[in-house]
Every structure is written in C-alpha cells, then in structure tokens.
Novice: 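Sharing a structure with you now.
The chains referred to below are lettered A, B, ... by the order of the sequence lines, with proteins before strands, and numbering in each begins at 1.
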Amino acid sequence: MLHIKCPHCGMRSQNEFSYGGDASVKRPELGKEISDQDWDNFVYNRKSLRGKHWELWQHLSGCRQWIKVERDTSTHEIFNTLKATEEIS
Amino acid sequence: MTQSFRLENTGLINRSKKLSFKFNGKNYYGYEGDTLASALIANGVHLIGRSFKYHRPRGFFGAGVDEPYAIVQLYRNDETEPNVKATEQELFDGLEATSVNCWPSVNFDVGAINNFLKIFLPAGFYYKTFMWPKSFWYKIYEPFIRKAAGLGVASTKHDKERYEHKYEYCDLLIAGSGPSGLASAYAAAKNGARVILAEDKARFGGTLLTDEVNIGNKSGKEWADGIIAELKEMPNVTVKNRSQVFGYYDHNMLVMSERISDHLPETKKFHPKQRLWYIRAKEVLISSGSIERPIVFGNNDTPGVMLSSAAKEYLKVYGVLVGKNPLIFTNNDSGYETAIEFKKNGIDALILDTRKDPQSEIVEEAKNLGINIKFSYVVVAAQGYKKVKSADIAKISEDKEVLGEVENIKCDCICVSGFWTPTIHLASQSGNKTKFNESIDAFVPGKSKQNEKTLGAANGTFTLEETLKSSFETGYELSKKITNTDNKTSFPNVVEKKSTVHDKFWCVPLPKGKNYKRFLDFQNDVAVSDIEIALKEGYRSIEHVKRYTTLGMATDQGKTSNLNGLQLVSKIENKVVPNVGHTTFRPPYTPVSIGAIVGREVGKHSKPTRKSPMHYWHEKNNAVFVDAGVWLRPRYYKQGNENLFEASKREAKNVRSNVGVCDVTTLGKIDIKGPDAAELLNRVYTNAWLKLPVGKARYGVMLREDGIVMDDGTTTRISENHYHMTTTTAQAANVLSHLEYYLQLVWPELNVNVVSTTEQWAGAAIAGPKSRDLLQKLFPNNDVSNEGLPFMGYMEGDLFGVKARIFRISFSGELAYEVNVESDNGNFMWEKIIEVGQEFKIQPYGTEALSTLRIEMGHVAGSELDGRTIPYDNSLEGLLSKKKDFIGKRSLTRKAFTAEDRQKVVGVVPLDKKTSIPEGSHLVKDSNAPLPNPKLGYISASCWSVEYDNPFSLAILKDGKNMIGEKLFVMSPLKNKVIPVEIVSSHYVDPKGERVRS
Ligand SMILES: [Zn+2]
C-alpha cells in the first residue's frame with residue numbers, strides 16, 4: 001500500500017485515495033474547434049509510461065482535494081506531490 | 001502411551017501441566033509448552049504423513065517454520081483447518097490432528113504405489129499431463145490425483161471465529177527476537193524510539209534458547225528473558241510473540257499475522273482468533289535469522305532424518321530426544337553442538353564430518369567428551385522405510401567424487417547439518433537486490449531499497465559477539481536519527497565457542513549401481529533426478545526450472561531446498577550460483593489464513609449498511625427490503641399473503657388512482673453554492689441553466705467526456721447563488737467527485753463550492769391524482785395550486801412546525817411532489833404524511849412499484865443509463881443544447897453516435913399480452929435463424945403495466961426510431977423462452993406528459 005503525502009493533510013495511506021489518471025492531460029477549452037484526432041487524444045489516448053510521471057489522485061476519504069503526484073510506475077517511488085492549483089514544474 | 005523419548009530435567013516445558021491429545025485417532029500425552037511435533041516425538045511417533053507426489057512416509061525435518069512436511073489436518077473446537085505445521089502448532093488439551101496425503105491410512109497408503117511407478121510422476125508431470133487427451137484428464141487422472149494429492153481439506157462450514165485488522169505506525173519494526181532483534185530493539189527503545197518487536201514463535205530469544213553462550217554473565221536464555229521483561233515494561237515498545245511478519249510491501253508497509261487463539265482449545269470470549277497488523281514503519285530491522293540447510297543423500301526423506309539444529313531444539317526446548325542412537329552428519333561445527341547436547345544427556349552420538357581435519361574450540365570439546373567422530377565421511381543412504389533403522393556410510397575422497405567402501409551402521413535418526421542459509425525473504429520482498437556471499441555459500445541482502453537493514457544471521461553474520469555489537473549499534477544509530485536523543489546503552493560482555501569454516505559440500509554422490517532418490521525439496525517431492533530431467537529437456541532459467549519441477553513452491557517457498565537446488569543447477573550448467581540467481585521471494589513468507597486476510601468484512605459486514613431515517617417505520621409495516629448500492633430500501637410492503645408481484649401491482653395501482661408515498665432519501669443530494677454555480681451547471685449538464693429562475697427546478701443530464709450518459713436528476717435553484725442537485729442513488733459519489741474534478745483542476749476560476757448533503761435530508765415522494773389534496777392538508781399555509789406551485793416549481797413550507805422543502809417533480813409520471821426535511825425529522829414527516837393521507841387512501845410504495853410506474857411511462861433510469869448509452873439512445877436528444885458547449889458534447893459528433901440506424905429506447909409488448917419478458921433478453925428478427933442469431937437489441941427493464949394490465953418492457957433497439965410497429969422475437973436462452981412481441985413507443989402511458997402538469 002502506497003504512502004502518499006497529501007499537500008493538505010500530510011502522509012496518508014493509499015486506501016484513502018482514488019486514482020485519477022495522467023495529470024499532464026489538459027482538457028481542451030470549451031467552445032473551441034478541435035479536430036477529431038486531438039479530441040480522441042484527449043479522451044482516449046494515454047501513454048501508460050514506465051517510470052516517472054505525474055498523475056492525479058483524489059483524497060477521497062480525507063480532504064476530498066484532487067492532487068498531483070509524481071510517481072515512478074515501476075518502483076512506486078513518490079518524488080513529489082502538488083495541490084491541484086500548483087503547476088507541474 | 002508413555003513418553004519414552006522425554007528427558008527428565010531438560011527443557012522449557014511445564015511438566016506440572018499434562019495435556020492429552022489425539023493423533024490419527026490415538027490418544028497421547030504431552031506437556032504445556034510442547035508443540036504437536038515435540039509431543040509426538042516424545043511419544044516415539046515419527047510417521048506423520050505421506051509425501052505429496054510419491055506418497056513416501058514423512059516424519060519431522062525441522063522444529064519450526066522451516067518444516068517442509070509435517071503438515072497436519074487440525075481439529076479444534078468443532079472446526080477443522082488444513083495445512084497446519086505440527087512444528088508450529090502449540091499443544092493444547094484436547095487437540096486432535098490427522099495426517100494428510102494418506103489414503104486409506106498413514107501406515108497403508110495406496111498412493112505409495114506412485115513410489116514404485118516413478119515413471120508416472122517425473123518432473124513436469126503436471127505440465128505433461130495437461131497435454132494429454134482431455135478425456136484422460138477428466139476420467140482417469142483427476143479423480144486419482146484428487147484422492148491421492150493435496151495438503152488437507154478446507155472446512156466448508158461458516159467460520160464462527162473473529163479475525164481483526166489493525167493499523168499501526170512505529171519508528172522501528174523489528175522482525176525476529178533472536179540476539180540481533182533483542183539487541184537492536186533494546187538499544188532503540190532505550191533511546192526513545194517507538195518499537196514493535198515481533199516474534200513468530202511462542203518463546204522469545206531465537207537461537208539464544210538453544211545455544212551455549214554467555215552474555216553479561218548470564219546464559220543466553222536468561223539474558224533474553226531479562227531484555228524482554230524490560231522491553232515489555234516500556235511504554236514506547238510493543239512486544240508480540242506468535243506474530244509472523246510475512247510481507248514487505250511498498251513504502252515501508254509490512255504485514256504481520258498475530259495468532260492470538262490458535263494455541264488455546266477455544267478462543268476466549270470477545271477475543272479474535274487472529275489479528276492482521278498493517279504496520280507502517282519508519283525503519284525496519286530484519287532479524288529473521290537463518291535456516292540450517294540439509295546435505296543431500298540417498299533416501300534423505302526417510303522419517304528420522306532431520307536438521308541437526310532441530311534435534312538440538314527438541315532436546316533443549318522441549319526435553320525430547322529425536323533418537324537414542326543418533327548419527328550426526330555435518331559439514332561444519334553446528335553438528336558438533338547437537339552431539340554435545342546429546343552427550344550431556346547421556347546419549348552417545350556418532351559424528352560423520354565431511355571435513356578432513358577441522359580445528360576449532362567446538363571440535364576440541366567434542367573430542368574431549370569422548371564423542372566418536374569419523375572425518376571425511378558421508379552418509380550414502382538412509383535405510384528403513386517408515387523410520388530410519390540404519391545408515392549406509394562411506395569414506396569420501398578429498399575431491400568429494402569417490403566413495404570408499406560402503407558399510408552399514410545401526411542408528412535411529414540422522415541429524416544433518418549442511419551449514420546455514422540466511423532468511424532473506426523479507427529483505428528480498430522489499431526490493432533489496434540480494435548478493436551471493438561466497439564464504440557462506442548463500443545469498444545475503446545487498447543494497448537497501450526501502451528503509452530496511454538486515455542484521456545477524458539473516459545477514460550472514462554467524463558469531464554472537466559480532467551480531468550483538470552491530471545490532472546494538474544499528475538500533476542506537478537509527479533511533480538517534482528518528483528521536484534526536486542520544487542515550488547509548490552499554491554493550492554486554494559475550495562468551496561463545498569459536499567455530500571454524502564449513503566444507504562447501506552439499507550432495508553425496510550415488511554409489512555404483514545404486515539409484516537412491518535424493519530429495520532437494522521435501523514438501524514438493526523434487527529429487528536431484530527431477531532437476532536433471534528439467535535441464536535435459538531444455539529448461540534453463542531458474543524461474544522455469546522452479547515451475548517445471550515445483551521446486552521451492554507451495555507453502556514451503558524453498559526454505560530448506562532453495563540453495564541446494566541452485567547448487568545442482570549451477571553444477572550441471574557449469575555456472576557459478578550467483579549467475580544462476582534465485583527465484584523471486586514473494587509474500588507471504590508463511591501461509592496466512594484467509595480469515596485473517598478478510599478480517600471482519602464478512603457477509604453483511606463486507607460493506608456498510610445505510611438506512612433511511614424512516615427505516616424502522618418500514619420495518620414495522622412489513623416492508624421487504626432490497627439492496628440499493630449500500631442502502632436498504634423497501635421493495636414492497638407486504639399485506640397478508642401477498643407476493644412481490646401482487647404487492648407491487650397493488651401499490652402502483654394505488655398511485656395511479658389515489659396517492660402513494662415513497663421513501664426517496666437515498667437519492668444523492670449535492671449542495672452547490674457560489675456566484676458561478678449556474679455557470680458550472682451549464683457546463684456539466686447538456687441543457688441550458690443560466691436562465692433558471694429562483695424557485696424553479698430543472699431536469700438535467702450529464703455526460704462523460706466520451707459522450708456516454710453519466711447521470712440524470714433534477715437541480716433546483718433555492719436562492720440566487722444556491723442550488724440543490726439530486727443524483728441517482730448509484731452515482732451519487734461519482735457525481736460529486738466529477739464536480740470536484742472540474743472545479744479543482746479544470747476550471748479553478750469558477751467560484752463554486754459543492755458538498756454532499758445526501759445524509760442531511762430525508763425525502764418522501766408523494767405521487768398520484770390526489771397528491772395535491774394531500775399536500776394542501778400538509779401545508780395549509782402554502783398555495784400549492786397548479787398556479788401557486790406549477791410543475792417544476794419549488795417552495796419552502798412548514799410541516800406541523802418542521803421546516804420543509806417542497807419540489808413539484810415526478811418520477812412516476814403522475815402529478816407528484818417531493819418533500820424534504822432535515823434527516824432527524826424524517827420519521828416525523830413520514831408519519832404525518834401517512835396519517836393525513838388516510839382520507840385519500842394513501843399507501844406506501846416500494847422500489848418495485850416505483851420501477852413499474854417509471855417503466856410504463858418510459859422514463860429512463862439506471863438500467864438504460866448503464867454506461868453504454870448516449871442521450872439519443874435514451875430519447876434525451878431534446879436536452880442537448882445547440883447554443884453552448886458542455887462536457888462530452890464534442891464526442892457526440894463521432895461517427896458511430898450519429899449513425900442513421902443508431903440504437904434507441906423503445907417499448908415492447910408481448911403479442912399475447914400475457915407472457916412476461918425476462919430482463920436481459922435479446923431481440924431478434926427470426927427466432928429460428930442459425931446461431932449466432934443477429935441481435936438487434938436487448939430488454940433493459942420489464943414490468944407489468946398497471947395501466948393496461950399486461951406486460952410491458954423497455955428495450956434498447958437498433959434503429960429503434962424506425963421500428964415502432966414492427967413484430968420481433970424476444971429470446972432468452974437463459975430462461976429458454978421465445979416470445980413474439982410488438983415494438984411500441986417507450987412512452988406507453990400518458991405519452992404527452994399531461995398528468996405531471998395537471
Ligand atoms: Zn488531504
């Protein structure tokens with residue numbers, strides 16, 4: 001079970017969180033023209049990286065905040081966590 | 001029977017407490033403090049079971065967790081448990097156990113024929129058998145294997161024991177209470193660290209209980225007892241015996257299984273049987289010790305052949321002799337310690353040492369005691385079938401290839417020591433890359449990956465002084481880092497006998513003309529010849545060899561067999577052991593009961609049960625409940641001998657003709673506040689929300705980004721910046737997360753807050769032509785006329801002194817209202833509605849009637865909004881705004897979603913107007929078409945229409961728009977039904993929706 005540092009609550013066990021996918025995906029702006037290809041990339045296509053990447057988790061059974069977590073998908077090492085509003089550097 | 005192998009004065013057992021027990025139906029006695037194994041050996045019982053594959057007789061090999069084959073079926077307090085190791089099971093009064101793997105009995109076993117038909121079960125037996133014709137498998141092999149194989153029988157009864165889970169945090173978790181565990185725990189605890197010290201066995205101390213050492217002028221055991229007593233008194237220390245740390249997971253999380261009641265005849269009242277600890281430790285110290293490894297020789301599985309350390313443990317801890325004429329076969333000094341212990345108790349052992357001329361303090365002591373030693377000697381084979389009767393021994397050449405003349409000597413047990421294998425399972429599980437240590441011929445932990453360190457014998461350190469020194473130091477250093485205090489404990493003086501190097505000898509060659517079975521893995525019956533076959537057949541990777549031969553599998557996990565297996569592979573392959581590598585160590589280190597893993601989440605406790613504030617009224621009024629997610633909802637209210645069908649029909653009819661009331665508390669409710677609330681709704685719902693006036697409700701549909709309908713419900717504007725959203729019962733939690741996702745991550749600029757209020761409001765739906773009359777009586781001060789409170793209107797009211805929210809919304813398709821009050825007033829509201837409603841012939845209705853009402857009205861719900869349908873499929877395309885963008889809108893232009901013959905919801909009526917249509921049935925054009933019959937659609941929901949008094953269903957049908965009036969067939973292969981049907985509009989009753997507006 002992972003140990004995730006919620007930027008609002010501190011270190012908490014994984015079973016308080018729910019996984020939310022790739023944090024680097026940006027939703028296209030509302031009302032803007034977008035090609036089928038770009039829309040498909042947003043809705044369906046994910047890289048499923050091996051190694052370090054940023055992902056979303058929601059602290060569901062805690063503060064209910066969505067957070068960004070930098071994790072290595074093969075070792076589970078967590079390097080950094082950010083609030084939803086903080087930009088990935 | 002007398003305990004003829006029990007010593008008078010030796011041992012740590014309590015001789016004043018005699019315990020009776022039964023093994024294979026026979027009565028025996030033992031003492032408090034015995035294990036089942038020690039008590040059986042004390043009674044001279046060495047035949048305990050049959051081996052897995054060849055059904056050869058099996059005895060005891062170890063004295064604890066390392067035991068590969070003394071596995072029994074245990075009976076305790078009217079329950080039975082398989083896979084219990086006799087060496088770990090503590091004796092209690094009335095214990096009963098039987099052998100496994102024997103049929104019909106342990107003494108006469110039909111399966112032993114396998115032993116003579118070896119050809120039948122060579123390496124890869126299972127792989128090869130599966131390849132054989134299928135018919136052979138079912139008719140011949142499976143029944144045979146089922147009868148002959150297996151490690152016991154699981155109970156089929158409900159387990160009445162309780163198992164608990166516990167979450168714990170600590171600075172230092174120490175696995176194992178031998179010298180390194182005790183020293184590091186003591187040093188760290190004295191320095192203020194929060195310590196958990198876990199010991200698998202009942203007694204603390206590990207090898208200190210059996211080794212002749214002196215620490216601080218005390219015996220090893222006295223020193224250990226003193227440390228434990230002191231640790232137990234410290235508030236920052238948790239000391240647990242009978243607790244196995246069996247798994248090392250991510251982020252320094254370890255799981256420990258504590259056996260609280262297994263050693264008692266029955267579990268004490270209010271106590272659990274076992275407790276599973278999830279421990280998050282800042283640092284972990286692995287002090288799991290080492291396991292003696294066997295030397296491989298002919299018939300080395302005969303009962304009476306056992307590890308020399310086990311013989312010593314039986315003697316010193318339990319006061320039990322494993323034999324009275326022992327032969328000790330060793331390649332190092334450890335065997336001598338066992339011989340010395342025998343000698344002290346008046347038993348003369350013969351030592352066979354593979355070494356030529358070892359020089360050490362221990363060897364010297366043995367010589368001085370007059371113990372008979374033969375150097376450069378080996379055991380070629382054990383003789384005797386159900387128990388060792390003699391041994392074939394021979395001198396061995398210096399290159400260890402050539403045997404001298406074989407002679408036979410009498411003995412009743414063979415105690416083997418092939419040096420020590422560090423127990424690195426936990427370290428390996430943590431991700432530590434282990435390395436091979438040439439000098440001890442075994443793997444030891446390498447570079448730490450998590451916050452873990454391995455100490456003492458588990459790290460390949462076999463001298464006590466070095467072990468204690470490094471453990472005191474490590475405990476102190478780690479605790480200093482965590483607690484920032486600097487309280488160093490002094491290091492005690494250690495006296496131990498010096499030993500010399502071991503001989504890297506592990507397998508005795510076969511003498512000419514003999515073909516003895518030489519076993520590597522005792523639990524899985526893997527012999528040297530099996531590995532040779534596997535390699536001959538082309539298996540190279542150690543992982544493949546393992547799976548092909550079953551070496552190191554099952555509950556044993558290769559505790560005694562791993563390294564000898566590797567030695568063999570490396571010898572045949574002409575590689576060095578580190579290049580062969582070892583198989584992956586996976587948790588659990590020892591078997592864990594399913595009960596402990598499941599904990600208390602069993603049966604109805606597997607999920608929480610949520611009840612509405614009106615639940616007890618429903619109960620009192622004969623409600624029959626149904627699970628709706630985690631909620632319990634009334635399905636119908638039973639009157640007299642009514643069944644589900646009759647009751648729901650009555651309830652639904654009463655709604656259509658009078659008035660009914662339904663508990664809708666379970667609907668998800670979300671409070672939405674903020675200046676941008678309308679903008680948020682406008683983005684998440686498909687229809688327009690910016691112009692909804694205060695005091696009005698609107699029906700809305702929300703989509704996922706892929707265009708699939710996520711949920712529907714009504715949202716009401718309570719005041720300028722305050723909205724009350726309802727969701728379906730099932731999607732309540734997902735919708736809240738969905739809103740939070742967009743507010744926090746996608747549109748943080750929106751000034752809106754959302755919070756679940758599902759539990760804050762109790763809801764009652766009042767539906768039927770007389771509902772307005774009832775409402776007027778409930779709220780005499782409100783104008784609830786069609787003008788005062790029109791369809792989709794909202795107002796607040798006073799319900800006999802209780803504040804209420806009144807919504808004019810309808811799910812049943814009738815004139816209907818929903819009244820919400822704070823949850824605490826829910827039951828009051830409900831009772832008032834029933835009381836005042838009497839004159840209007842009010843009846844409560846359950847979910848079954850509710851479904852009937854919505855189905856015949858053609859209102860889509862969960863069975864249509866099933867995560868596979870878009871708005872068009874549900875005839876909700878009228879709610880798609882063309883003027884604005886919303887979540888999922890872009891996906892609706894996808895090709896499949898705009899196809900001309902796109903599926904759509906329709907109504908289905910059987911031609912005979914009698915036959916009920918099973919939900920989930922398929923719709924086809926031709927009921928006799930060859931399979932696979934092209935499927936045009938499926939039945940999503942079925943009811944008995946109370947309006948027309950005939951069956952009616954909703955279906956999602958291909959090209960549904962153009963199918964109205966078509967005749968099709970409903971097919972349910974599951975129910976073996978074919979029903980001719982007509983496709984009609986999904987709006988079967990009141991298609992214009994006049995009633996809700998009346
Ligand atoms: Zn949090």
Novice: Does any heavy atom of chain A fall under 4.5 Å from the side chain of B:Phe886, the backbone, both, or neither of them?
Specialist: backbone
Novice: Evaluate whether atom CD of B:Glu900 has more than 12 neighbouring non-hydrogen atoms of other residues, nucleotides or ligands under 6.0 angstrom away.
Specialist: no
Novice: With respect to chain A, which residue among B:Ala733, B:Ser737, B:Pro748 yields the maximal number of heavy-atom pairs within a distance under 4.5 Å?
Specialist: B:Ser737
Novice: Quick one: do A:Ile4 and B:His251 satisfy side-chain contact (heavy atoms from CB on, under 4.5 Å)? Show the steps, please.
Specialist: CA-CA 9 Å; A:Ile4 301 170; B:His251 297 183; 5.7 Å; no
Novice: What's the verdict on salt bridge (charged side-chain N to carboxylate O under 4.0 Å, His left out) for A:Asp36 and B:Arg890, showing C-alpha distance, side-chain angles and the deciding distance?
Specialist: CA-CA 9 Å; A:Asp36 282 353; B:Arg890 179 67 178 80; 2.6 Å; yes
Novice: Can you say whether A:Glu77 sits under 4.5 Å from chain B via the side chain, the backbone, both, or neither, judging by heavy atoms?
Specialist: backbone
Novice: Tell me whether A:Ile88 at atom CD1 has more than 12 heavy atoms from other residues, nucleotides or ligands lying less than 6.0 Å away.
Specialist: yes
Novice: Does any heavy atom of chain B fall under 4.5 Å from the side chain of A:Lys26, the backbone, both, or neither of them?
Specialist: neither
Novice: Check whether B:Asp885 reaches the backbone of A:Gly31 with its side chain - one donor and one acceptor, N or O, closer than 3.5 Å.
Specialist: yes
Novice: Report the C-alpha separation of A:Lys68 and B:Leu745 in whole Å, then their side-chain angles, then the decisive distance to 0.1 Å, and conclude whether the side-chain contact (heavy atoms from CB on, under 4.5 Å) test is met.
Specialist: CA-CA 10 Å; A:Lys68 297 170 183 173; B:Leu745 285 158; 4.0 Å; yes
Novice: Counting only non-hydrogen atoms closer than 4.5 Å, does A:Ser13 touch chain B with its backbone (N, CA, C, O), its side chain (CB onward), both, or neither?
Specialist: both
Novice: By a 4.5 Å heavy-atom criterion (distance strictly below it), what part of A:Trp66 contacts chain B: side chain, backbone, both, or neither?
Specialist: both
Novice: Highest number of heavy-atom pairs under 4.5 Å with chain B: which of A:Thr85, A:Leu60, A:Asp40?
Specialist: A:Asp40
Novice: Name the region of B:Lys449, side chain, backbone, both or neither, that has any atom closer than 4.5 Å to a heavy atom of chain A.
Specialist: side chain
Novice: Where does B:Arg683 contact chain A at under 4.5 Å (heavy atoms): side chain, backbone, both or neither?
Specialist: side chain
Novice: Decide if atom CG of B:Asn751 counts as having more than 12 heavy atoms of other residues, nucleotides or ligands within a radius under 6.0 Å.
Specialist: yes
Novice: Between NE2 of A:His3 and CG of B:Asp250, what distance do you get to the nearest 0.5 Å?
Specialist: 12.0 Å
Novice: Look up atom OH in B:Tyr249 and atom CG in A:Leu2, then write down how far apart they are to the nearest 0.5 Å.
Specialist: 13.5 Å
Novice: For the interface with chain A, which of B:Leu736, B:Thr893, B:Val746 has the highest count of heavy-atom pairs at distances below 4.5 Å?
Specialist: B:Leu736
Novice: Given the rule in the side-chain contact (heavy atoms from CB on, under 4.5 Å) test, do B:Arg280 and A:Met11 qualify, once you have shown the distances and angles that lead to the verdict?
Specialist: CA-CA 11 Å; B:Arg280 190 81 69 174; A:Met11 295 302 284; over 6 Å; no
Novice: Out of curiosity, B:Tyr741 OH to A:Gln58 CD, how far, rounded to the nearest 0.5 Å?
Specialist: 11.0 Å
Novice: For chain A, which candidate among B:Met253, B:Glu705, B:Arg894 shows the most heavy-atom pairs at distances under 4.5 Å?
Specialist: B:Glu705
Novice: A:Ile78 versus chain B, heavy atoms under 4.5 Å apart: side chain, backbone, both or neither?
Specialist: both
Novice: More than 12 foreign heavy atoms under 6.0 Å from NZ of B:Lys453: is that the case here?
Specialist: no
Novice: Could you look at A:Leu56 and say if it's the side chain, the backbone, both or neither that has a heavy atom under 4.5 Å from chain B?
Specialist: side chain
Novice: I'd like to know whether NZ of A:Lys5 has more than 12 heavy-atom contacts from other residues, nucleotides or ligands below 6.0 angstrom.
Specialist: no
Novice: Using a cut-off of 6.0 Å, state whether more than 12 heavy atoms not belonging to B:Lys607 lie near its atom NZ.
Specialist: yes
Novice: OG/B:Ser891 to OH/A:Tyr44 distance, rounded to the nearest 0.5 angstrom?
Specialist: 5.5 Å
